[in-house]
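All values reported here derive from a predicted model rather than from experimental measurement. Letters go in sequence order (proteins before strands), and every chain restarts at 1.
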Number of protein chains: 2
Amino acid sequence: MYNKKEYLSTPRCEKMLNGIEDALYVLGGKWKLRIIVGLLDGDKRFNELQRTVNGISAKVLSDELKKLELNGFIRRQVYADTRPVVVEYGLTDYALTLKELLQLLSEWGEMHKERIKEQMRNSY
Amino acid sequence: MYNKKEYLSTPRCEKMLNGIEDALYVLGGKWKLRIIVGLLDGDKRFNELQRTVNGISAKVLSDELKKLELNGFIRRQVYADTRPVVVEYGLTDYALTLKELLQLLSEWGEMHKERIKEQMRNSY
DNA sequence: CGGTATCCGTTTGGATACTG
DNA sequence: CAGTATCCAAACGGATACCG
């Protein structure tokens, strides 16, 4: 039976739940997606990246970068022939498979913020 | 200058960062997206939903449902003329604006899991 | 059934200081 | 610059018990 809410079938919902779970396992948390987005416009050095991802502390950035590198999203490059040593972080090709998703999530977030503002205006 | 990684321009990256931040503010955390997905195939009662969203405790589900209701994603319906009282949770139309996103995230998650399995197979 | 109350361990993350 | 070390507070979340 068709209905206007376009429900998913139960097996489809369970499959989706699994997919979401798998995705959130590596991407969940407050910072990972932001760090990836912060690198979307090009490789960055540590402090540069910290300034881009507003509000993140050095410790947390350091921890998260390690995890992201382990999971194949980020590549850390050391240019050892300089003084002091220059380190650059960049996205792997695999991280770029998230681009569409990040775009969509970001657009949804913008839309949501507008909606909230609208509600504020209408609430008095 | 064009390059094969298709970097975003810096202002675009900052805008995206803001969008992501706004989205994660209401959708972040371990459970919210899963609960929404759990309701995508139709309204559910509390215990039904708890069984669907694997691993969530009654307390956490209760807390999260309240927040999701406050933010306009979920509608709680009480059928008071029954004994015991029947309560049903369902998605609002607003929550359905997340459908594409959830679909994409889930597909990415599936793909990612396959990739991990592949790596396991090739690692010995 | 549909929760709430309480308790408590774990995780997360922020502040500050420090190092090569 | 590129982090690490330490400490601590808050958030998150699990277990159990209990209630109408």
Side-chain angles (χ1 to χ4, degrees), chain A residues 17 20-39 42-71 73-91, chain B residues 17 20-39 42-71 73-91:
Chain A
L17 223 25
I20 299 274
E21 198 167 333
D22 295 330
L24 261 39
Y25 185 76
V26 278
L27 300 175
K30 192 173 175 180
W31 298 111
K32 291 188 191 66
L33 290 181
R34 292 184 218 199
I35 293 170
I36 291 172
V37 171
L39 290 172
D43 297 5
K44 286 198 175 69
R45 296 168 66 172
F46 188 89
N47 287 323
E48 211 179 341
L49 185 54
Q50 192 184 354
R51 280 188 300 272
T52 303
V53 181
N54 219 280
I56 197 167
S57 72
K59 177 201 155 199
V60 173
L61 179 56
S62 174
D63 293 350
E64 296 288 306
L65 282 171
K66 278 172 201 154
K67 291 178 214 158
L68 287 169
E69 200 186 351
L70 254 167
N71 285 303
F73 295 103
I74 277 180
R75 196 184 49 250
R76 181 180 188 266
Q77 285 177 106
V78 184
Y79 300 99
D81 51 349
T82 62
R83 276 266 154 201
V85 170
V86 169
V87 183
E88 273 200 357
Y89 293 92
L91 298 179
Chain B
L17 221 27
I20 299 273
E21 198 167 333
D22 295 331
L24 259 41
Y25 186 77
V26 279
L27 300 175
K30 190 172 174 181
W31 298 111
K32 291 189 191 65
L33 290 181
R34 292 183 218 200
I35 292 170
I36 291 172
V37 172
L39 291 172
D43 298 2
K44 285 197 175 68
R45 297 169 66 172
F46 188 89
N47 287 324
E48 212 177 341
L49 185 53
Q50 191 183 356
R51 279 188 300 272
T52 304
V53 180
N54 220 281
I56 196 167
S57 72
K59 177 200 155 200
V60 173
L61 179 55
S62 174
D63 293 350
E64 296 289 303
L65 282 171
K66 278 172 202 154
K67 292 178 213 158
L68 287 169
E69 200 186 351
L70 255 168
N71 286 304
F73 295 102
I74 277 181
R75 197 184 47 254
R76 181 178 189 268
Q77 286 177 105
V78 184
Y79 300 98
D81 51 346
T82 60
R83 276 268 154 197
V85 170
V86 169
V87 182
E88 271 201 358
Y89 294 91
L91 297 180

In whole angstroms, the gap separating C1' of D:dG13 from CG of B:Leu65 amounts to 15 Å
Mind calculating the distance between CD1 (B:Ile74) and C1' (C:dG2) to the nearest angstrom? 15 Å
Taking only nitrogen or oxygen atoms into account, show me every contact under 3.5 Å that the protein makes with nucleotides 14-17 of chain C, one pair per line with its distance.
from   : atom 1 : to      : atom 2 : distance (Å)
C:dG14 : OP1    : A:Lys30 : NZ     : 2.9
C:dG14 : O6     : A:Lys59 : NZ     : 2.6

Taking OH from A:Tyr79 and C1' from D:dA2, how many angstroms apart are they, rounded to a whole number? 15 Å
d(A:Leu61 CG, A:Leu49 CG) to nearest 0.5 Å is 5.0 Å
Heavy-atom closest pair (B:Thr52 atom, A:Leu17 atom, distance to 0.1 Å) is O-CD2, 3.5 Å
Checking B:Glu48 against B:Arg51 for the salt bridge (charged side-chain N to carboxylate O under 4.0 Å, His left out) test, could you report, in this order, the C-alpha distance in whole Å, the side-chain angles of both residues, the deciding distance, and whether it holds? CA-CA 5 Å; B:Glu48 212 177 341; B:Arg51 279 188 300 272; 5.7 Å; no
What is the distance, rounded to the nearest whole Å, between atom CG of B:Asp43 and atom P of C:dG2? 13 Å
What integer distance in Å separates B:Ile35:CD1 from C:dG2:P? 15 Å
Below the 4.0 Å mark, does C:dC1 have OP1 or OP2 next to a side-chain nitrogen or oxygen of B:Arg45? no
Heavy-atom nearest nucleotide on DNA chain C taken for B:Asp63 and for B:Asn47; more 5' hit belongs to B:Asn47
Show the nearest heavy-atom pair for residues B:Ile20 and A:Arg34, with the distance to one decimal. CG2-CG, 4.3 Å
Using whole Å, what does the distance between atom P of nucleotide D:dG3 and atom NZ of A:Lys66 come to? 9 Å
Measure CD/B:Gln50 against P/C:dT4 and give the value in whole Å, please. 12 Å
Pick out which of A:Asp43, A:Leu68, A:Leu65 makes a side chain to side chain contact (heavy atoms under 4.5 Å, CB included) with A:Tyr89. A:Leu65
For A:Arg76 and for B:Lys67, locate the closest nucleotide of DNA chain D by heavy-atom distance; then report the residue assigned to the nucleotide nearer the 5' terminus. A:Arg76
In whole Å, what is the span from the CD atom of B:Glu64 to the P atom of D:dG13? 7 Å
Taking OP1 and OP2 of D:dC1, is either one under 4.0 Å from a side-chain nitrogen or oxygen of A:Tyr89? no
Would you compute the distance between atom CZ of A:Arg45 and atom CD of A:Gln50 and round it to the nearest 0.5 angstrom? 14.0 Å
So, is A:Ser62 close to the D:dT4 phosphate, meaning a side-chain N or O under 4.0 Å from OP1 or OP2? yes
Taking 4.0 angstrom as the limit, do A:Glu64 and A:Lys67 come out as a salt bridge? yes
